[in-house]
Amino acid sequence: MEIMAEELTEKDSKTVQQCKDHLGYFIAYKDLFSTWKDHTATFTVSDVTDALNAFVRNIGSNPDHQKLFNEIFKSLSEKLSKMGSISNQTSHIKNIIKIVSRIPMDENQGYDVLGFIYEFLLKNFASNSKKDGEFYTPHEISILMSEIVAHHLRDREQINILDPTSGSGSLLINIGQSVQKYLQDSGNITYYAQELIQETFNLTRMNLVMRGINPSNIKVRRGDTLANDWPYFDDNDENSYEYVPVDCVVSNPPYSHKWDADNYTNDPRYKEYGIAPASKADYAFLLHDLYHLKDNGIMCIVMPHGVLFRGGSEKDIRTQLVENNNIGTIIGLPSNCFYGTGISTIIMVLKKHREASDILIVDASKEFFKDGDKNRLSGHHIKKIVDAVLNRENIPHFASLVSKQTIKDNDYNLNIPRYVESEEKVPVDLHATVFGGIPNYEVEHLKKYWEAFPSLCDELFTRINEHTSELSCDSVIDAIKQNADVIAFEANYKEAFQALEDQLYELLIDNQVKNVAALKKEITNRIFELCQQFGIVDKYLVYKAFDDVWEQISLDLEAICWVPFFIIHNSV
């Protein structure tokens with residue numbers, strides 16, 4: 001006998017117990033947000049308070065479940081009681097339901113429901129709010145970090161990941177999602193999270209649970225990461241030490257946070273590197289993360305740009321990190337990426353042990369698009385940055401592989417402009433300015449186009465002398481359109497991408513798609529291989545056209561993948 005969701009109540013003791021054993025909790029249909037939204041006319045605050053009481057009553061007996069869900073709604077209950085009369089409380093909750101219901105959580109935001117709600121509310125209602133340097137990690141920066149980390153962890157069967165300043169939990173969620181592409185069983189990932197602020201600690205727990213993660217795989221703790229090192233203590237006996245190394249640490253700690261530095265001179269997390277200044281705990285958080293890495297682990301941390309060049313004890317720590325080969329990559333992010341601050345930030349990628357001593361420095365400060373008053377990374381920006389990090393190649397005006405000796409010669413200053421030059425500027429030709437004409441330097445600056453279209457330069461320009469040239473045609477546009485090399489290039493380009501279109505039809509329509517993530521990678525590789533044939537084509541802009549529509553395509557593919565399951569299920 002099938003039970004409709006609307007009929008699920010606490011009276012169905014068997015189903016309730018199954019939910020408590022498997023999920024760690026049971027929630028009746030009448031206590032769901034969707035039910036409240038559909039019955040706002042009769043909704044009162046008692047619907048919320050009754051639901052909260054029922055949730056506490058229906059937490060499973062498993063100690064992991066008890067710990068995970070303990071007082072998870074306490075701050076909500078306390079805030080409700082401070083809203084005045086019952087009618088005021090009801091009015092406030094109804095307004096919240098209406099606001100959340102209007103948030104456009106379509107397929108493209110399905111990645112992280114609570115995180116997206118949080119980001120939406122910050123963007124629209126509290127974009128200037130901040131507290132002690134704490135800023136929510138935008139989704140696309142979280143994705144960038146997760147792709148770098150997932151590649152490093154791709155061959156492991158069991159993975160532990162830690163975020164010691166977890167906030168909404170979005171970093172952990174995206175790391176887990178990226179790593180799962182390489183794992184057979186998502187149950188092989190254990191999530192460690194610590195957060196000081198009660199409200200955001202609750203958000204971390206709720207967000208991880210809502211992603212369907214087994215509660216036994218979620219290890220959470222409320223606490224000050226610098227003052228109360230964790231994961232370190234045995235959960236059952238805080239006098240018994242149990243060091244817990246993890247495969248990966250990701251974090252976006254508070255920037256320039258003040259801390260009681262003098263109390264940590266003998267702390268094992270810092271003894272090999274030094275103590276961060278009391279006025280700026282940035283390196284204290286970084287060293288905490290590094291300390292908890294396994295020997296073959298990896299970490300990504302978001303930091304303010306100043307950690308690359310500030311002096312004093314920060315320089316001493318930076319020197320040790322360089323000398324120990326801990327720093328693998330530094331990525332300069334666009335300014336104004338975070339809600340509440342326009343501060344310039346970086347991502348540092350570190351390992352406990354690296355054989356290589358060079359550091360890849362990436363200037364991604366220009367890789368963004370405008371979204372209102374914010375700068376944001378799109379999919380092709382993320383792809384370009386991740387490829388640079390994984391390939392570790394010198395890319396003019398974008399990425400530079402810097403030797404340890406070069407860094408020493410710069411007195412351990414890691415400021416990005418020292419190592420990655422800005423876009424080359426065409427100098428002003430005084431001769432052409434005074435006597436007229438087109439500077440030859442500007443013509444030569446377009447060398448890649450003359451290589452792609454060998455006859456075009458001579459059809460457009462006539463050289464006057466060593467300084468200047470002049471146009472040799474009446475219409476530049478007509479000359480380009482009628483050039484034989486341009487016509488041949490365009491024909492070859494259309495033919496190549498028509499062949500790709502035929503291949504896509506076979507991949508997406510004719511075949512049964514089993515792994516959507518692997519399929520995207522295969523299509524991307526084919527696009528990049530095609531672009532190599534055409535030197536002037538920016539493969540990342542071509543990828544952008546593909547990536548912009550992939551989210552919807554992938555959702556359709558995943559839906560199609562479920563069709564055979566439903567056919568079999570219904571036939572049985």
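Along the sequence shown, residues are numbered consecutively beginning with 1.
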Novice: May I ask you to decide if the ring planes of Phe546 and Tyr543 are parallel, tilted or perpendicular, using 30° and 60° as cut-offs?
Specialist: perpendicular
Novice: Considering non-hydrogen atoms only, spot the tightest contact between Ser170 and Ser142 and give its length.
Specialist: O-OG, 3.5 Å
Novice: Are the side chain of Asn160 and the backbone of Asp247 linked by a donor-acceptor contact shorter than 3.5 Å?
Specialist: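 Such a contact is absent between Asn160 side chain and Asp247 backbone.
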Novice: Can you see which heavy atom on Glu459 is nearest to which on Ser472, and at what distance?
Specialist: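 Looking at all heavy atoms of both residues, the closest pair is O-OG, 3.1 Å.
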Novice: Answer yes or no: does atom CD of Glu490 have more than 12 heavy-atom neighbours from other residues, nucleotides or ligands under 6.0 Å?
Specialist: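 Count not over threshold, so no.
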Novice: Looking at Leu203 and Ser168, what are the two nearest heavy atoms and their distance?
Specialist: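 Closest heavy-atom pair between Leu203 and Ser168: CD2-CB, 3.5 Å.
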Novice: Could you check whether any side-chain heavy atom of Phe497 comes within less than 4.5 Å of a side-chain heavy atom of Leu530, counting everything from C-beta outward?
Specialist: yes
Novice: Can a donor-acceptor pair be found between the side chains of Ser378 and His381 at a distance below 3.5 Å?
Specialist: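 The criterion, which ignores hydrogens and geometry beyond distance, is satisfied for His381 and Ser378.
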Novice: Would the distance check show the side chain of Arg354 and the main-chain N or O of Asn325 forming a donor-acceptor pair, the cut-off being under 3.5 Å?
Specialist: yes
Novice: Is atom CD of Gln498 surrounded by more than 12 heavy atoms (other residues, nucleotides or ligands) closer than 6.0 Å?
Specialist: yes
Novice: How far apart are the C-alpha atoms of Asn375 and Lys370, what are their side-chain angles, what is the distance that settles it, and do they pass the side-chain contact (heavy atoms from CB on, under 4.5 Å) test?
Specialist: CA-CA 5 Å; Asn375 296 330; Lys370 296 295 293 184; 3.0 Å; yes
Novice: Under a 4.5 Å cut-off applied to non-hydrogen side-chain atoms, are Leu308 and Ile346 in contact?
Specialist: yes
Novice: Is a donor on one side and an acceptor on the other found under 3.5 Å between the side chain of Thr462 and the backbone of Asp458?
Specialist: no
Novice: Tell me yes or no: between the side chains of Asn326 and Lys352, is some donor less than 3.5 Å from an acceptor?
Specialist: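 The criterion, which ignores hydrogens and geometry beyond distance, is not satisfied for Lys352 and Asn326.
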Novice: Could you tell me whether a side-chain N or O of Asp282 sits under 3.5 Å from a main-chain N or O of Ser256, the two making a donor and an acceptor?
Specialist: yes
Novice: Could you check whether Arg318 pairs with Glu314 (Lys NZ or Arg NE/NH1/NH2 to Asp/Glu carboxylate O, under 4.0 Å)?
Specialist: no
Novice: In this structure, which one of Leu290, Val250, Leu350 forms a side-chain contact (heavy atoms from CB on, under 4.5 Å) with Ile301?
Specialist: Leu350
Novice: Is a side-chain donor or acceptor of Ser403 paired with a backbone partner of Thr406 at a separation under 3.5 angstrom?
Specialist: yes
Novice: If we only count heavy atoms from C-beta on, is the Met303 to Thr345 side-chain gap below 4.5 Å?
Specialist: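 No, every pair of side-chain atoms sits at 4.5 Å or beyond.
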Novice: Kindly determine whether Val362 and Ile395 satisfy side-chain contact (heavy atoms from CB on, under 4.5 Å), including the steps that lead there.
Specialist: CA-CA 9 Å; Val362 180; Ile395 303 172; over 6 Å; no
Novice: Take atom OH of Tyr449 as the centre, draw a 6.0 Å sphere, and report whether it contains more than 12 heavy atoms from other residues, nucleotides or ligands.
Specialist: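 No.
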Novice: Are Phe398 and Ile385 close enough that some pair of their side-chain heavy atoms sits under 4.5 Å apart?
Specialist: yes
Novice: Would you indicate whether Gln503, at its atom CD, is surrounded by more than 12 heavy atoms from other residues, nucleotides or ligands within a distance under 6.0 Å?
Specialist: yes
Novice: How about Lys447: does its NZ atom have over 12 heavy atoms from other parts shown lying under 6.0 Å from it?
Specialist: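 12 or below, so no.
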Novice: Please report the shortest heavy-atom distance between Asp289 and Ser251, naming the atom on each side.
Specialist: OD2-OG, 2.5 Å
Novice: Ignoring hydrogens and geometry, is there a side-chain-to-backbone donor-acceptor pair from Asn413 to Asn415 under 3.5 Å?
Specialist: yes
Novice: Sequence neighbours left out, what pairs pass salt bridge (Lys or Arg N to Asp or Glu O under 4.0 Å) with at least one residue falling in residues 378-400?
Specialist: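 Applying salt bridge (Lys or Arg N to Asp or Glu O under 4.0 Å) to every pair that reaches into residues 378-400, excluding sequence neighbours, yields Asp358-Arg392, Glu367-Lys384, Lys383-Asp387.
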Novice: Using a strict 4.0 Å threshold on nitrogen-to-oxygen distance, state whether Glu470 and Arg463 make a salt bridge.
Specialist: no
Novice: Ignoring hydrogens and geometry beyond distance, is a side-chain donor-acceptor pair present between Asn174 and Ser146 at under 3.5 Å?
Specialist: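 There is no such pair between these side chains.
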Novice: Can a donor-acceptor pair be found, under 3.5 Å and without considering hydrogens, that links the side chain of Thr468 to the backbone of Ile464?
Specialist: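 Flag not set: sc Thr468 to bb Ile464 has no pair under 3.5 Å.
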Novice: Tell me if a side-chain donor or acceptor on Asn324 pairs with a main-chain N or O of Thr319 at a distance below 3.5 Å.
Specialist: no
Novice: Where do Ile382 and Leu144 come nearest, in terms of heavy atoms and distance?
Specialist: CG2-CA, 4.0 Å
Novice: For Gln405 and Asp409, test the side chains for any donor-to-acceptor distance below 3.5 angstrom and give the result as yes or no.
Specialist: yes
Novice: Please test Phe338 against Ile343 for side-chain contact (heavy atoms from CB on, under 4.5 Å), starting from the C-alpha separation and ending with a verdict.
Specialist: CA-CA 8 Å; Phe338 290 79; Ile343 190 174; 5.6 Å; no
Novice: Does Ile189 offer a backbone N or O that forms a donor-acceptor pair with the side chain of Asn217 under 3.5 Å?
Specialist: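 Checked: pair present.
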Novice: Going through the distances and angles, do Tyr255 and Phe285 end up as a ring-ring contact (aromatic ring centres under 6.0 Å, His included)?
Specialist: CA-CA 10 Å; Tyr255 307 150; Phe285 284 108; 9.8 Å; no
Novice: Evaluate the side-chain contact (heavy atoms from CB on, under 4.5 Å) criterion for residues Trp550 and Leu519: first the C-alpha distance (whole Å), next the side-chain angles of each, then the deciding distance (0.1 Å), finally the verdict.
Specialist: CA-CA 11 Å; Trp550 178 252; Leu519 178 60; 4.0 Å; yes
Novice: Would you mind reporting whether Lys98 and Lys37 have side-chain heavy atoms less than 4.5 Å apart?
Specialist: no
Novice: Would you name the heavy atoms of Val516 and Ser554 that are closest together and state the gap between them?
Specialist: CG1-CB, 3.6 Å
Novice: Please check if atom NZ in Lys408 has more than 12 non-hydrogen atoms from other residues, nucleotides or ligands closer than 6.0 Å.
Specialist: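 Yes, NZ of Lys408 has more than 12 neighbouring heavy atoms, counting only those of other groups under 6.0 Å.
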Novice: Counting distance only, does the side-chain N/O of Asn483 pair as donor-acceptor with the main-chain N or O of Asp485 below 3.5 Å?
Specialist: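 Judged by distance alone, yes, a pair lies under 3.5 Å.
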Novice: Any side-chain donor-acceptor pair under 3.5 Å between Tyr493 and Gln533?
Specialist: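 Per modelled atom types, Tyr493 and Gln533 side chains form no pair under 3.5 Å.
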Novice: Are Ile527 and Lys539 close enough that some pair of their side-chain heavy atoms sits under 4.5 Å apart?
Specialist: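 No; the side chains remain at least 4.5 Å from each other.
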Novice: Return the set of residues passing side-chain contact (heavy atoms from CB on, under 4.5 Å) with His152 (not counting sequence neighbours), or none when no residue passes.
Specialist: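 His152 satisfies side-chain contact (heavy atoms from CB on, under 4.5 Å) with Arg156, Ile298, Lys351 only.
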Novice: May I ask you to test the Lys481-Val486 pair for a side-chain heavy-atom distance under 4.5 Å?
Specialist: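 No; the side chains remain at least 4.5 Å from each other.
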Novice: Any Lys/Arg nitrogen of Asp538 or Lys544 sitting under 4.0 Å from an Asp/Glu carboxylate oxygen of the other?
Specialist: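 A salt bridge is absent here (no side-chain N lies under 4.0 Å from a carboxylate O).
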Novice: Under 6.0 Å from the CG atom of Asp474, do we count more than 12 heavy atoms belonging to anything else shown?
Specialist: no
